[in-house]
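The structure under discussion appears below in the form of structure tokens.
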Amino acid sequence: MKDTIAAIATGMGNSGIGIIRISGNEAFDITSKIFVPKNKNKSIKNMPSYTAAYGNIIYEDEIYDEAIALVMKAPATYTAEDVVEFDCHGGITVLKRIFDLVIKLGARPAEPGEFTKRAFVNGRIDMSQAESVMDLIHAKNDMAAKSSLRQLQGGLKDIITDIREKLLYNIAYIESALDDPENYSLDEFPQQLERTVDNLLISVNNLIKSSNNGRIIKEGIKTVIVGRPNAGKSSVLNMLLGEERAIVTDIEGTTRDTLEELINIDGISLNMVDTAGIRDTSDTVEKIGVDKALTNIEDADLILYIVDGTSELNENDFMIMDKIKDKKTVTLLNKNDMDIIVDKMLITSKIHTEILEISAKEGHGKKELHDLLKKMFFDNELSYNDEIYITNLRHKNLLYETKESLEKVLESINMGMGEDFFTIDLMAAYASLGRIIGEELEDDLVNKIFAEFCMGK
């Protein structure tokens with residue numbers, strides 16, 4: 001890529017500092033035309049890489065701003081090209097004037113994600129690393145950030161590359177043996193290949209299995225609050241949020257639609273969905289809310305089942321428990337500031353659940369609920385380590401394609417087919433994995449992926 005691109009890399013709002021990024025062959029030429037260092041002995045083109053100079057941005061005798069120019073020389077830069085970044089004052093007007101000046105002198109406005117696209121095209125990063133950049137920017141919690149950073153550092157790339165090297169070795173061996181049978185023997189090769197493919201399938205399956213946890217890490221745990229009318233569902237949401245977000249009244253059926261909020265508990269996100277009270281009803285609007293609640297139950301990662309602890313279970317509770325019996329559930333016996341009379345044994349006989357007594361009104365039990373959720377999702381299921389989690393749907397689909405191809409290789413071996421049949425599916429698996437890291441990836445898809453990036457990145 002021979003042209004030079006530029007963008008305002010910080011958010012378009014008034015702030016202390018704003019950054020303008022320039023990348024390409026003319027980055028230093030353009031900068032030299034407008035940046036005058038306070039130290040007259042400094043020159044942009046002669047400065048060592050990764051050094052900065054303080055000075056003024058001046059054009060046609062007009063001072064546009066005081067700024068710091070950071071010089072980064074190819075190939076050891078983000079884009080693997082010459083890069084300059086201006087640290088300017090963060091006013092929108094100031095940044096736009098300087099940006100327009102840079103464009104006037106020969107750069108063009110960068111497309112969304114074009115800096116990262118250049119890093120990919122220039123071979124500094126692979127596609128899985130490029131995609132992790134935006135995941136890192138949009139990370140909703142500490143675990144999502146750590147997972148994205150692990151992929152940015154090449155964790156997934158290393159695993160994929162290792163599998164592809166093993167596939168390529170076996171493909172090359174088969175081709176060599178078919179072309180030169182005197183020097184390459186295929187005796188017992190199918191048995192050796194079967195062992196290799198079995199091991200590769202274990203690696204691929206482990207990555208696929210990680211995708212559910214990966215989704216939770218990236219998007220948060222979809223946590224649906226359910227219960228019969230007036231059990232205290234909206235009060236529980238308000239307690240967890242620490243604010244009066246949902247309307248709470250003594251009138252049954254107040255909540256008629258879903259209400260969604262994001263809650264962060266020590267680094268993991270809960271996408272909380274408060275639902276309408278579930279009961280048999282002839283009210284048309286309320287029935288729509290109940291149907292929405294039942295739909296949300298099907299998609300939930302976690303159910304918070306709210307029970308009015310001061311009254312016996314009724315037919316609505318039994319209907320709810322039947323709907324959530326196969327879900328990961330925490331049952332909250334609400335209103336423990338009064339006498340709890342509900343039959344806990346009856347609840348545990350119907351569903352597998354943890355039970356906590358709380359008072360959403362008084363805020364009792366909030367810490368205990370936090371501790372329980374952390375125990376469930378950190379200690380047991382999502383304890384963070386250096387494991388790679390698949391958080392990208394595109395990667396997951398390609399891993400399923402890889403798995404299918406490897407399973408076809410095993411089928412061919414078991415059917416006693418010729419070795420040339422093996423290479424067809426081995427190559428298919430090799431290609432699917434290649435598309436994860438950006439090899440054999442169509443230009444249209446590459447453009448689509450980077451079009452989803454933010455401007456200036």
Side-chain angles (χ1 to χ4, degrees), residues 1-35 44-45 47 49-59 62 64-125 127 129-139 148 152 438 443 446-457:
M1 296 183 179
K2 296 183 179 180
D3 56 345
T4 297
I5 58 173
I8 298 172
T10 44
M12 290 299 287
N14 292 323
S15 59
I17 295 174
I19 295 175
I20 294 173
R21 174 181 284 175
I22 311 169
S23 178
N25 294 336
E26 297 182 61
F28 296 161
D29 288 334
I30 292 170
T31 302
S32 297
K33 292 176 183 177
I34 61 174
F35 183 75
I44 290 296
K45 293 183 180 180
M47 286 171 57
S49 188
Y50 285 95
T51 59
Y54 166 67
N56 288 319
I57 295 175
I58 303 176
Y59 185 68
E62 180 183 355
Y64 281 62
D65 195 13
E66 287 184 316
I68 293 173
L70 175 61
V71 173
M72 295 164 276
K73 295 185 176 181
T77 70
Y78 184 76
T79 59
E81 301 171 338
D82 289 338
V83 174
V84 175
E85 289 186 357
F86 286 129
D87 280 14
C88 312
H89 290 98
I92 296 173
T93 302
V94 173
L95 287 172
K96 190 170 186 314
R97 290 187 73 216
I98 297 169
F99 175 70
D100 289 344
L101 183 58
V102 170
I103 299 304
K104 178 179 179 179
L105 293 175
R108 68 165 174 81
E111 298 172 359
E114 191 168 1
F115 291 94
T116 305
K117 182 179 180 180
R118 290 190 172 204
F120 166 68
V121 171
N122 292 329
R124 196 186 70 79
I125 59 176
M127 184 57 75
Q129 291 171 295
E131 288 169 304
S132 71
V133 170
M134 281 310 291
D135 287 344
L136 184 59
I137 290 171
H138 293 297
S148 299
L152 180 58
D443 289 343
V446 171
N447 292 334
K448 181 179 182 297
I449 290 170
F450 287 109
E452 297 173 357
F453 277 52
C454 57
M455 194 67 70
K457 194 62 181 177

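What you see is a predicted model; the values in this text were computed from it and never measured.
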Next on the checklist: Test side chain to side chain contact (heavy atoms under 4.5 Å, CB included) on Val133 and Phe115; report intermediate values, then the result.
Outcome noted: CA-CA 11 Å; Val133 170; Phe115 291 94; over 6 Å; no
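Between Ile30 and Gly106, the shortest heavy-atom contact is CD1-C, 3.9 Å. Of all non-hydrogen atoms in Ile103 and Pro109, the two that sit nearest each other are CD1-N, 3.5 Å. Nearest heavy-atom pair, Ala6 versus Phe99, reported as atom, atom and distance to 0.1 Å: O-CE1, 3.4 Å. Smallest separation of non-hydrogen atoms from Phe28 and Met72: CZ-O, 3.6 Å. Across all their heavy atoms, Arg21 and Ala9 have their closest contact at CB-CB, 4.4 Å. For the residue pair His89 and Asp65, the shortest heavy atom distance occurs at ND1-OD1, 2.7 Å.
In this structure, CD1 in Ile20 is found 5.5 Å from CD1 in Ile8, a value given to the nearest 0.5 Å. For the atom pair Ile57 CD1 and Glu62 CD, the distance stands at 11.5 Å (nearest 0.5 Å). Between the CD1 atom of Ile19 and the CG atom of Leu95 there is a distance of 9.5 Å, given to the nearest 0.5 Å. Atom-to-atom distance recorded for Thr79:OG1 and Phe120:CZ is 15.0 Å, nearest 0.5 angstrom. From Arg124, atom CZ reaches atom CZ of Arg118 across 14.0 Å, with rounding to the nearest 0.5 Å. Here CD1 of Ile98 is found 10.5 Å from CZ of Phe35. Values are rounded to the nearest 0.5 Å.
Under a 3.5 Å cut-off, the side chain of Asn122 and the backbone N or O of Glu81 do not form any donor-acceptor pair. Under a 3.5 Å cut-off, the side chain of Asp82 and the backbone N or O of Asn25 do not form any donor-acceptor pair. In this structure, the side chain of Lys73 engages the main chain of Met47 through a donor-acceptor pair within 3.5 Å.
The pair Lys33-Asp29 fails the salt-bridge criterion, with no side-chain N (NZ, NE, NH1 or NH2) lying under 4.0 Å from an Asp/Glu carboxylate O.
At least one side-chain heavy atom of Ile34 sits under 4.5 Å from a side-chain heavy atom of Val102.
The aromatic rings of Tyr59 and Tyr64 sit perpendicular, their planes meeting at an angle over 60°, well past the 30° parallel limit.
Side chain to side chain, Tyr50 and Thr77 fail the donor-acceptor criterion of an N or O pair below 3.5 Å.
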